[in-house]
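Keep in mind it's a predicted model, so treat the numbers as computed, not measured. Chain naming here is simple, since letters A, B, ... match the order of the sequence lines and numbering starts at 1 in each.
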Amino acid sequence: MPDSPFSRRVLRVVARIPRGRVVAYGDVAALAGRPGAARAVGQVMRRAAIPGLPYHRVVAAGGLLGGFGRWPHVKAQLLAAEGLTIRRGRIAGFGNHRWQP
DNA sequence: AGTTTGACAGCAC
DNA sequence: TGTGCTGCCAAAC
């Protein structure tokens, strides 16, 4: 488990995303105390790869799916399993399913 | 210590 | 609507 302060905050935020809700990388960055560090958030999660964390609930801006390592389709699958509708790589009604603490 | 690397974001075409 | 380019940031080399 990554030990840098930033990494811990990012992972902590991701851990508390409720089931069936999603957030943008940029939002996670802001919640982690580093607005604008959206790209770094993805970097941290990719490297951390901690089992049990709902990484699939973190999407790109505008409800785009964004990346998910080598298995982008799994991300869509997991989100669909939580009741979300994915259409052409985007989350339908992103604004409604978006998580805000 | 400087450079490269991405699970990004926003804007210009 | 879709593609491309630029700016950004933390971590790995």
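Under the 4.5 Å side-chain heavy-atom criterion for grouping Ile, Leu, Val, Met, Phe, Trp and Tyr, A:V14 is connected to A:I50 within one hydrophobic cluster. Under the 4.5 Å side-chain heavy-atom criterion for grouping Ile, Leu, Val, Met, Phe, Trp and Tyr, A:L79 is not connected to A:V28 through any hydrophobic cluster. Hydrophobic cluster membership differs between A:I86 and A:V23, with clusters built from Ile, Leu, Val, Met, Phe, Trp and Tyr side chains linked at under 4.5 angstrom.
Among the heavy atoms of the strands lying under 4.0 Å from A:A24 are primed sugar atoms or P, OP1, OP2 only; no base atom is included.
Residues of residues 69-86 of chain A that place a heavy atom closer than 4.0 Å to DNA chain C do not occur.
Nearest heavy atom pair, residue A:A29 against residue A:A37, reads CB-C, 3.6 Å.
Contact check for A:W99 versus A:V22: no side-chain heavy atoms found under the 4.5 Å cut-off.
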Once base and sugar-phosphate atoms are separated, protein heavy atoms under 4.0 Å mark nucleotides 2-13 of chain C, 5' to 3', with B, S and - as S----BBBSSSS
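Close approach of DNA chain B to chain A, defined as any atom under 4.0 Å from a non-hydrogen atom of the protein, starts and stops at B:dT5 to B:dG10.
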Tell me, with the steps shown, if A:F94 and A:V59 meet side-chain contact (heavy atoms from CB on, under 4.5 Å).
CA-CA 10 Å; A:F94 174 57; A:V59 300; 3.8 Å; yes
Evaluation steps, side-chain hydrogen bond (donor to acceptor under 3.5 Å, both in side chains), between A:Q77 and A:H56
CA-CA 9 Å; A:Q77 178 92 31; A:H56 59 282; over 6 Å; no
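A salt bridge links A:E82 with A:R57: at least one charged nitrogen is closer than 4.0 Å to a carboxylate oxygen.
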